[in-house]
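Have a look at the structure below before the remarks.
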Amino acid sequence: MAAGLAGRHFVEGGSMSVLIKGGRIVTAADDYVGDVFVEGERISLIGESLEMEADRVIEASGKYLLPGCVDPHTHLDMPFGGTTTIDDVESGQTSAAFGGTTCHVDFVIQPQGQTFAAALDEWKAKADGKQVIDMGYHMAVTDLREGGTLEELASLPDQGVTSYKLFMAYKGALMVDDETLFRTMEVAAETGALVMVHAENGDAIDVLVKKALAEGHTEPHWHALTRPPETEGEATNRAIQLARVAGAPLYVVHVSCAESVEPIALAREKGWDVWGETCTQYFFVDYTFLERPNFEGAKFVYTPPPRDKANQDVLWNAVRTDVLSAVSTDHCAFLWDGQKSLGRDDFSKIPNGGPGLENRLHMLHEFGVRQGRITLNRMVELLATNPAKLFGLYPRKGTIAVGSDADLVVFDPNRTHTISASTHHSKVDYNLYEGTEVTGTPEVVLLRGNVLVEGDRLVAEPGTGQFVQRARFGEQLAPTRAAATA
Ligand code: URP
Ligand code: ZN
Ligand code: ZN
């Protein structure tokens with residue numbers, strides 16, 4: 001890596017300057033070679049052959065300069081399935097930083113009977129002092145009867161929490177009924193929040209799970225057999241139709257199969273306010289992984305489950321044609337040895353979730369861009385620009401522009417990297433893509449002008465990241481620091 005110190009150029013407030021020279025600057029729309037000058041936390045100039053002095057000069061010729069990726073779907077330090085996800089804010093965000101992700105939006109889960117304010121306070125306390133990258137929160141609504149009120153829900157966008165999440169599955173745990181779903185959609189229509197749904201028919205799945213267990217089926221692959229794609233398609237369609245009635249914008253998370261791609265495609269063709277995401281794992285892991293012997297299949301127990309391989313082409317086609325507009329990780333990591341093992345004798349007790357925060361860019365670059373399925377611009381759009389736009393972070397995040405936060409990834413498109421649990425930075429004891437060799441990996445990662453990662457080294461201290469107050473759906477976040485609070 002040719003990165004070194006040059007002359008000093010202190011800017012107002014005593015903060016530092018960084019000059020990144022000769023990188024191939026790739027945004028959702030552009031692709032050109034240039035220099036980027038960062039003063040303090042923001043990009044202040046982009047040009048050709050910039051000669052100003054800077055505290056730090058990073059030589060990026062032959063490298064891509066990408067906007068820091070934005071992951072709109074993660075679960076850090078979350079109680080779920082009788083245990084708590086193994087990555088807390090510090091380990092999860094460290095892992096994200098090594099993978100070129102500089103901002104994510106995590107889910108606050110409203111505990112039954114509690115107010116949204118109490119839930120948000122609890123989640124903020126878990127992150128306090130540990131943040132490596134920037135983050136925002138979605139509010140997962142679980143209870144509008146005993147806990148949060150509609151008025152309180154309506155107040156969340158004023159606090160920068162501008163998306164409501166509803167689980168249409170996980171009966172007896174996070175699942176809401178249609179009344180709660182619809183009332184939340186009505187509030188969103190009023191407040192300008194985006195409604196996110198986990199779309200599966202939880203009632204039907206509950207019947208199928210009980211039946212399978214009664215027949216003595218306990219192995220991990222029964223997780224998929226009891227959650228057929230039609231249950232995802234039905235719930236996706238129901239959510240789309242209800243959002244239409246309520247007049248709320250809708251975002252369907254972790255789309256895994258043709259049955260839910262199709263109603264989203266139709267809705268978008270009709271010009272309705274419907275968007276969808278898929279997650280990295282659905283392109284690569286199929287149903288057969290669940291059948292691996294000796295309980296190894298449990299590593300792939302996440303929801304919706306890995307599907308038949310034919311769906312992978314459907315998903316690549318959907319992200320290429322903007323039927324699906326974002327790729328997230330749904331990082332929800334549980335140890336195979338000690339947490340997944342809670343369900344050794346009963347697949348329904350295996351905590352649902354898989355890891356992936358560190359490898360989204362690796363995998364999309366290798367199998368999307370290098371193998372000709374999507375363009376480099378589209379990759380940036382799926383991993384950074386669209387998540388930032390949909391979740392009220394744009395144009396501070398998700399692009400490389402004057403005035404935007406200097407969240408930047410110097411990406412070496414020629415360096416090879418072997419993905420492995422033995423080298424990743426998550427605390428989880430396995431990797432969904434173990435042994436996969438990719439060409440192209442982040443080399444230097446910056447957050448608001450601070451170098452977070454350099455090669456194999458984490459440079460930033462926990463505490464560098466901030467909570468970001470997001471703008472309402474369809475509104476833009478002003479490209480200033482005014483909206484950010486520590
Ligand atoms: O299995 C998963 N996806 N776990 C995380 C919770 C969710 O449904 O997103
Ligand atoms: Zn989900
Ligand atoms: Zn999730």
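First listed ligand is number 1; within each ligand, the first listed atom is number 1.
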List, one per line, each side-chain donor-acceptor pair under 3.5 Å for residues 291-304, sequence neighbours excluded.
from, atom 1, to, atom 2, distance (Å)
Glu291, OE2, Tyr287, OH, 3.3
Thr303, OG1, His223, NE2, 3.3
Thr303, OG1, Asn352, OD1, 2.4

So that I know where these two stand, are Phe391 and Tyr251 an aromatic pair - ring centroids less than 6.0 Å apart? yes
Within a distance under 4.0 Å of any heavy atom of Phe167, pick out the atoms of ligand 1 and give their elements. 7 (C), 8 (O)
If we only count N/O pairs under 3.5 Å, is Tyr170 in contact with ligand 1? yes
Test salt bridge (charged side-chain N to carboxylate O under 4.0 Å, His left out) on Asp158 and Arg472 and set out the steps. CA-CA 9 Å; Asp158 290 335; Arg472 286 171 160 76; 2.9 Å; yes
Whether Glu259 side chain and Glu230 backbone form a donor-acceptor pair below 3.5 Å: no
Only heavy atoms of Tyr302, strictly under 4.0 Å: list the atoms of ligand 1 that pass. 1 (O)
Using the benzene-type ring in the case of Trp, are the ring centres of Phe283 and Phe367 under 6.0 Å apart? no
Within 4.0 Å of some non-hydrogen atom of His75, the atoms of ligand 1 are 5 (C), 6 (C), 7 (C), 9 (O)
Basic-acidic side-chain contact under 4.0 Å: Arg183, Glu179: yes
At a 4.0 Å cut-off, with the gap strictly under it, does some heavy atom of Phe107 reach an atom of ligand 1? no
Is the closest N or O pair between Gly353 and ligand 1 shorter than 3.5 Å? yes
Which protein non-hydrogen atom lies closest to atom 4 (N) of ligand 1, naming both residue and atom, and how far is it? Asn352 O, 3.0 Å
Between the SG atom in Cys279 and the NE2 atom in His331, the distance rounded to the nearest 0.5 Å is 12.5 Å
Identify the protein heavy atom lying closest to atom 1 (O) of ligand 1, giving its residue, its atom name and the separation to 0.1 Å. Thr303 N, 2.8 Å
Quick check: Lys165 and ligand 1, any N/O pair under 3.5 Å apart? no
Salt bridge (charged side-chain N to carboxylate O under 4.0 Å, His left out) assessment of Arg378 paired with Asp322: CA-CA 9 Å; Arg378 182 62 180 162; Asp322 204 38; 3.0 Å; yes
Select one of side chain, backbone, both or neither to describe which atoms of Asp330 lie under 4.0 Å from any atom of ligand 1, heavy atoms only. side chain
Give the C-alpha distance, both sets of side-chain angles, the deciding distance and a yes or no for salt bridge (charged side-chain N to carboxylate O under 4.0 Å, His left out) between Lys126 and Asp88. CA-CA 8 Å; Lys126 293 194 228 194; Asp88 66 0; over 6 Å; no
Taking the six-membered ring where the residue is Trp, are the ring centres of Tyr433 and His362 under 6.0 Å apart? no
List the steps, then state whether side chain to side chain contact (heavy atoms under 4.5 Å, CB included) holds for His425 with Leu458. CA-CA 10 Å; His425 298 83; Leu458 180 70; over 6 Å; no
Report the protein N/O/S neighbours of the Zn ion (ligand 3) that fall below 2.8 Å; do not count waters. His73 NE2, His75 NE2, Asp330 OD1
